[in-house]
Amino acid sequence: MKDIILTGIRSNDEPTLGNYLGAMRPMADLQRKFAGRYQINMFVPDLHSFTTPIDHSTLYDSSIRNLKYFVAAGLDIDDPNTFIYRQSFIPAHSELTVILNNFTGFGEMARMTQFKDKSAAQNDNVSVGLFDYPVLMAADILLYGAKYVPVGEDQTQHLEITRDIGLRMNHKFGELFVIPEETKKQVEFMNLNRGLRIRSLSDPTRKMSKSIQDPRGTILLSDSPDAAAKKVMSATTDSVGQVNFDWENQPGVTNLLQILVLLTGRPQDEINAEWTGQTSYGELKKAVATAVRDFLTDFQTKLGEIDESRLLDKLSRDEMAMAEVANETLLRVQRAVGLRQKK
């Protein structure tokens with residue numbers, strides 16, 4: 001039995017360059033790094049996707065499209081130790097959530113920072129699904145006995161509540177679940193760059209995100225290479241007049257330097273040494289624009305070459321395999337809580 005690494009693949013919204021650099025490429029790198037030594041579960045959290053308002057008419061197609069983006073980023077769908085599956089295609093996710101809800105406190109959920117932040121933005125349109133998001137996430141993890149769950153800083157609180165729920169259930173009913181490692185050990189194991197934040201080109205104090213409707217500052221993976229290059233050329237910088245790698249005082253320039261590093265594969269120190277002290281922001285923008293144009297040209301070519309039938313076949317086979325695992329865990333829990341006859 002291999003230890004399991006579990007991670008989610010976004011199911012809605014058009015991915016940005018920030019998503020590629022911060023999630024897609026790192027996940028493909030993770031697969032290569034741990035090939036053969038760990039089982040990697042990469043699931044599409046499509047039930048999570050409409051805890052906030054979305055266009056439901058495009059959700060199904062978006063899930064498939066975003067899987068293709070991960071394949072174009074380097075995810076190997078032929079790796080026998082990697083499983084890709086859609087959350088909603090395995091009903092055990094939903095049923096375990098209902099059970100876990102009854103062993104989770106209202107106060108625990110109300111204290112979740114992400115819920116408080118998102119609910120404040122939505123005013124009166126807050127759904128119960130958003131409130132319950134961490135419990136569904138706990139079910140996603142506990143169903144498969146995942147030991148490592150690489151998440152961003154905004155999700156660490158949810159990972160900790162998963163541990164709390166799992167430990168609580170184990171204490172009450174016996175060893176039902178494998179408990180994922182605590183956040184500190186997760187970070188050490190995955191060696192994640194938790195400081196990586198690709199910023200908006202128009203407002204570098206904010207992250208690059210489709211959700212904030214920032215067309216000038218956001219490079220979509222579907223943008224034409226030339227259109228993306230133009231966005232870089234109009235990026236907000238500052239009035240300092242000299243290139244420095246300084247997030248606090250020159251976030252726009254620093255963001256461009258970081259993008260250049262990530263797209264060229266050169267070390268940050270080497271890029272900084274080349275550009276620090278130069279007084280032409282225009283030349284830096286040209287270098288970044290060229291790197292972005294070249295990247296998108298290559299990426300979109302790879303995207304167009306993906307065999308969708310092979311991808312769907314992989315999904316179908318993996319969903320059958322993962323449903324067996326999830327159903328075994330669910331039955332164990334159902335027996336423990338009295339919903340099924342014990343052996």
Side-chain angles (χ1 to χ4, degrees), residues 1-8 38-41 43 45-48 51 83 85 87-116 118-119 126-151 153-190 319 321-343:
M1 293 291 291
K2 295 181 173 69
D3 284 339
I4 295 170
I5 301 170
L6 182 143
T7 187
Y38 295 85
Q39 176 180 313
I40 302 176
N41 288 15
F43 79 106
D46 48 0
L47 290 172
H48 283 300
T51 54
F83 295 85
Y85 53 97
Q87 183 186 43
S88 69
F89 277 63
I90 302 178
H93 287 253
S94 301
E95 187 163 352
L96 182 60
T97 300
V98 172
I99 295 173
L100 296 182
N101 277 339
N102 293 279
F103 299 91
T104 306
F106 180 90
E108 290 177 303
M109 293 297 97
R111 288 192 293 272
M112 293 292 105
T113 302
Q114 196 172 77
F115 169 73
K116 290 191 287 187
K118 289 188 175 182
S119 60
V126 181
S127 70
V128 174
L130 179 62
F131 185 76
D132 202 33
Y133 180 109
V135 184
L136 176 54
M137 182 172 166
D140 298 334
I141 297 167
L142 296 173
L143 277 172
Y144 302 97
K147 187 172 183 179
Y148 297 104
V149 188
V151 296
E153 289 177 302
D154 60 339
Q155 294 283 342
T156 56
Q157 197 178 24
H158 295 171
L159 182 58
E160 289 305 315
I161 198 67
T162 295
R163 285 174 45 81
D164 291 344
I165 294 170
L167 288 167
R168 183 178 305 149
M169 295 291 286
N170 284 357
H171 179 73
K172 187 174 181 66
F173 297 106
E175 295 301 308
L176 294 178
F177 300 118
V178 173
I179 307 301
E181 295 285 7
E182 61 186 20
T183 301
K184 181 180 179 181
K185 290 184 179 180
Q186 299 273 353
V187 174
E188 291 173 353
F189 173 77
M190 302 307 301
E319 283 164 354
M322 291 296 98
E324 288 187 15
V325 175
N327 288 339
E328 286 180 8
T329 303
L330 178 62
L331 180 58
R332 187 164 64 247
V333 175
Q334 289 170 328
R335 284 173 171 157
V337 301
L339 294 174
R340 298 290 185 274
Q341 186 176 26
K342 297 185 186 295
K343 288 184 178 180

Gap between atom OG1 of Thr162 and atom CG of Leu136 - 0.5 Å precision: 10.0 Å
Non-hydrogen side-chain atoms of Val126 and Phe131 separated by less than 4.5 Å: no
Non-hydrogen atoms of Glu95 and Gln334 that approach each other most closely: OE2-NE2, 2.7 Å
Pair Leu142-Thr329, side-chain contact (heavy atoms from CB on, under 4.5 Å): steps then yes or no: CA-CA 8 Å; Leu142 296 173; Thr329 303; 5.9 Å; no
SB check Arg163 Glu160 (cutoff 4.0 Å): yes
Heavy-atom side-chain proximity of Phe189 to Glu181 below 4.5 angstrom: no
Exam field: side chain Gln39 to backbone Lys2, donor-acceptor pair closer than 3.5 Å: no
Separation of Leu176 CG from Leu330 CG (nearest 0.5 Å): 11.0 Å
Student check: side-chain heavy atoms of Asp132 and Asn101 closer than 4.5 Å: yes
Check: Ala323 main-chain N/O paired with Asn327 side-chain donor or acceptor under 3.5 Å: yes
Distance (rounded to the nearest 0.5 Å) between Lys147 NZ and Tyr38 OH: 7.0 Å
Spacing of Glu182 atom CD and Thr156 atom OG1 [to the nearest 0.5 Å]: 12.5 Å
Over all atoms of both residues, closest heavy-atom pair of Arg168 and Thr104: NH1-CA, 3.8 Å
Leu143 vs Val325 side-chain heavy atoms within contact, under 4.5 Å: no
Closest approach of Ile4 to Tyr144 (non-hydrogen atoms, all atoms of both residues): CD1-O, 2.9 Å
Any Ile165 side-chain heavy atom under 4.5 Å of Ile161 side chain: yes
Distance-minimising heavy-atom pair for Met112 and His158: SD-CD2, 3.6 Å
Spacing of NZ belonging to Lys185 relative to OH belonging to Tyr148, to within rounding of 0.5 Å: 8.0 Å
Check against side-chain contact (heavy atoms from CB on, under 4.5 Å), Phe103 and Val337: CA-CA 11 Å; Phe103 299 91; Val337 301; 4.2 Å; yes
Step-by-step side-chain contact (heavy atoms from CB on, under 4.5 Å) determination, Leu100 to Val333: CA-CA 10 Å; Leu100 296 182; Val333 175; 5.7 Å; no
Donor-acceptor contact present, side-chain Asn41 to main-chain Phe83, <3.5 Å: no
Least distance between heavy atoms, Gln186 atom then Pro150 atom: OE1-N, 4.4 Å
CE-CG distance between Met169 and Leu167, expressed to the nearest 0.5 angstrom: 11.5 Å
Plane angle bin for Phe43 and Tyr85 - parallel if under 30°, tilted between 30 and 60°, otherwise perpendicular: parallel
Which atom of Leu6 lies closest to which atom of Asp140, heavy atoms considered: CD1-O, 3.4 Å
